[in-house]
Amino acid sequence: MFCKNKTCNTIHYSPLTIHNYYMSDASAILTSLHQQFDAVTFVPQQTVDNIDTLWLPKENIVAVVRYLKNTISAPFNLLYDLCGIDERDRMGKEKLPAKDFTVIYSLFSLDRNKFIRLKVALEGEYPSIPSITSLFKNANWYEREVYDMFGIKFEGHPHLQRILMPLTWQGHPLRKEHPARATEIGPYRLINETIDREQDALQFKPEEWGMKRESDDADFMFLNIGPQHPGTHGVLRIVLQLDGEDIVDAVPEIGFHHRGAEKMGERQSWHTYIPYTDRIDYLGGVMNNLAYLLAVEKLAGIEVPDRVKVIRVMLCELFRISSHLVWFGTFAQDVGQLSPVFYMFTDREKVFDIIEAVCGGRMHPNWFRIGGVAQDLPKGWDGLVRDFVKYFPPKIKEYTNMVIRNSLFKGRTKGIGVYTLDEAIEWGVTGPGLRACGLDWDFRKKQPYSGYEMFDFEIPTAQNGDCFDRAVVRVEELWQSLRIIEQCLNNMPEGNYKADHPLTTPPLKKYTMQDIETLITHFLNVSWGPVIPAGEAMSCIEATKGANSYYLVSDGNTSSYRTRIRTPSFPHMQMVPYVSKGYTVADLLSILGSVDFVLADIDR
Amino acid sequence: MQHIWIVLGVLFVLLNIAAGLIWLERRMLAMWQDRLGPNRAGPLGILIVLADTLKLFFKEDWIPPFADKWVFITAPAIVVASVLMSFVIIPFSPSIIVSDLNVGILFFLAMSSLGVYSIVLGGWASNNKYSLLGALRGASQMIAYEVFMGLSLMGIVMLTGSFKLSDIVNAQKDVWFVFKQPVALVIFFIAGVAETHRLPFDIPEAESELIAGFHSEYSGMKFGMFFIGEYLGVTLISAMTATMFFGGWLGPAFLPPWAWFFIKTFAFILFFILLRASLPRPRYDQLMETGWKVLLPLVLLNLMVTGAIALWIRG
């Protein structure tokens, strides 16, 4: 909770204290790894985000991951992220064991509240590495993505096929030699042969996925849900294998919304990449900026003022409300209730009114900056927020009565799409989907960022892990977000809206006319963009849909060397076939609605 | 001669009501959903009906190459024809009735069961998986709910001793049947909603699941026929509810009988629209389960009790 005393402006928190607390734990893991695998050379690497980072040979990766997941106490049981880096152009890589490519495994331990990052250096033009799909179910899509983006092969992967790019694509986009702009490729022509080839590639062949066309007593029907379908909320294609109306199996096809956000990160300057982040989870608005900037600020070593933290928290929570309202309305619509979506979108407009008054933008305000926010809060912001805080509670009650307590709604969601806590962790589920299984896991509480430790709020949970519980958790989160906003309103600290740091972009203009250093920095930061010191850092925030991370690699340049965006929707969508087996087509829509995904968040 | 005028008049009024419901439904939904709805064309936007109809007429009348052409064309006609035929036995007022059949209710039930053919044939002829699923759902839903619909009306037949609708209306001079047969009213109306496959029981179309279900492939005026058929169905069930349970044309003398009939009918039409605005859609198997496990025992019980009481009163 905040100091009620107005003069008390210091915040009793430094990121170091938290990491120090776990330092002893970190070395314990290293020692036990050394003991277990004494023939293996582990090379530790110091990173800015203080996550234990170990390089190891590719022969040992499966054994080490198995050991970390299955053998040790308080295991690293969640595969948080798996990504690659093309190291061939990286400056300063001589200091690291890096070769041509690196594959990075980010494992997370819920018991330890701690990440571990395993890196494997690979050599050669199109190298290969053993697959860990036998250990983690959600490694499947991640490995497909690395294959798609880098051409790295995973030995033993059950179905190594492109996932984001079209099957007919030439080249692997995140390799450094692959062009980043359409103008570098030459004009696109759609001739008849191309159409035939593309259409042919889109044809679903059940045999490729190990599916049968008929059972002993019936032929299966293969039904395309999407790419254009009112229930998928975006360009998503799910091919269903149906026995009557019962789902035997399902194959989601993603990538229709892929815009190469990670590739753009390698081209835009650190500053000009911010607007692209807005469009990752396009319902989360500035929450995406925050995830990105936390990583940048770690790299740059910027500590932002309290006022910035609280402004950021307030806007993020407003966006959480707005995002949950969209989910709430569309979920009700998915199960056939026509009206709630109109009421909720009206209320979302009220949230947007505040956001517009503060940021000037609505869905994509692009308002946070490296080291602060774009502007100070406008005059009268508190009145707007106070009105909303008063207006909204009766509305949440009304919507709960209208939707959640409706018995037809309960009939459509209770006991549907059930998964257990273990299954959720196995598939990398985070956010409300995890909390609906009974675990009160929330990065805002467990690894507080941007000053969340100062706020008084609870983590709503539910026990059954079905569609209904996921809905209940989100509705309860509306209350908690409102609570946080109210605390921001009553305790907004005085101070600057940008950090006093040379890498703050753009620096505060008022100094530029008096101070030549600031003028020069200002000029450079605006023309080139800031130069962020070399290093690696990952941020991790509790976004509207789950854990969202930016893993940034800087080699001391004006743009990032590698921008990895770990989004919550990606693993959630991967789990949909597993969850929906045995239910009916109608239930699939309940499940999709309760997962609350955004296609742009899946495809990036 | 007068008879032909009645037939033409009824047809004219019904088609206009069905078209007007496009406007009414959109405006009412908008009102309940805190928005405006179509309000630009003509006074209160009522000319949207004209605009919609013109649009439907001028759209490309497309028959998919993979469809079964003749069945595909026939299907939408069946629904409109069968519902219009049902109106033959509805008494709009003591003198306005096309044909006061002595098997009125049976005729109504027979005609409304024909409606299922349009769904099955439309879904089948479209040769589209969504349509097929919609047709399957529609067929089982409508066949199941016809049973309850028929049985729920039998209590009234017992009390009146006649299938003739004018007899049934006249039997309500003292007390409307809604007070004597409240359970039957609820079941009849639920079955009616399922029969017209309107939300919450629009399972054969289920926009968010099956896109438009059995009529996914239809466009232009063929789609318009399904549309008109649906609105005529809503009107029919509302008119039947008014006639069977709320005394039909009966009412205080300051308004003519037909006015009372239309007021009652429109009240139920509005209720149909309100249902659509407020309720989510149950799952297909849930609907069937409720039908066979709850409604069927209930309607049989109602029939038994009514029969017992009727016997007891007669001594």
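Just so it is clear: chains get the letters A, B, ... in the order the sequence lines come, proteins before strands, and each one is counted from 1. Since the model is a prediction, treat every value here as computed from it, not as a measurement.
- Scanning residues 117-133 of chain B against chain A with a 4.5 Å non-hydrogen threshold yields B/K129, B/Y130, B/L132, B/L133, sorted by number.
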Dump the intermediate steps for side chain to side chain contact (heavy atoms under 4.5 Å, CB included) on A/L338 and B/Q33, then the final yes or no. CA-CA 9 Å; A/L338 287 185; B/Q33 292 170 345; 3.9 Å; yes
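- Note on A/G244, A/A586, A/P340: by heavy-atom pairs under 4.5 Å with chain B, the leading option is A/A586.
- Only the side chain of B/R137 has a heavy atom closer than 4.5 Å to any heavy atom of chain A.
- With A/T544 as the fixed residue, the side chain to side chain donor-acceptor pair (under 3.5 Å) test singles out one of A/D601, A/D281, A/D596: A/D281.
- One finds the CG atom of A/D249 at 9.5 Å from the CD1 atom of A/I247 (value rounded to the nearest 0.5 Å).
- Cation-pi check for A/R412 over A/F409 is not met; the charged atom does not lie both under 6.0 angstrom from the ring centroid and within 45 degrees of its normal.
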Go through the steps to decide whether A/V326 and A/F345 satisfy the test side chain to side chain contact (heavy atoms under 4.5 Å, CB included), and finish with yes or no. CA-CA 7 Å; A/V326 173; A/F345 270 59; 4.1 Å; yes
Check the pair B/Y231 / B/E25 against side-chain hydrogen bond (donor to acceptor under 3.5 Å, both in side chains), numbers first and verdict last. CA-CA 10 Å; B/Y231 281 130; B/E25 170 153 53; 2.5 Å; yes
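- The candidate with the highest count of non-hydrogen atom pairs below 4.5 Å against chain B, out of A/V585, A/V403, A/D587, is A/D587.
- Between B/F271 and B/F268, the gap from one ring centroid to the other reaches at least 6.0 Å.
- Proximity to chain A is limited to the side chain of B/Q286, based on heavy atoms less than 4.5 angstrom apart.
- The two residues A/P393 and A/F388 come nearest to each other via the heavy atoms CD-O, 4.4 Å.
- In this structure, the portion of B/R35 lying under 4.5 Å from any heavy atom of chain A is its side chain and not its backbone.
- Under the 4.5 Å side-chain criterion, counting only non-hydrogen atoms from C-beta, A/F328 is in contact with A/I404.
- Ring geometry for A/F222 against A/F204 counts as tilted: the plane angle lies between 30° and 60°, on a 0 to 90° scale.
- Contact annotation for A/T584: only side-chain heavy atoms (C-beta onward) come within less than 4.5 Å of a heavy atom of chain B.
- Neither the backbone nor the side chain of A/L592 comes within contact range of chain B; no heavy atom of the residue lies under 4.5 Å from a heavy atom of that chain.
- Heavy-atom distances place no part of A/L240 under 4.5 Å from chain B, backbone and side chain included.
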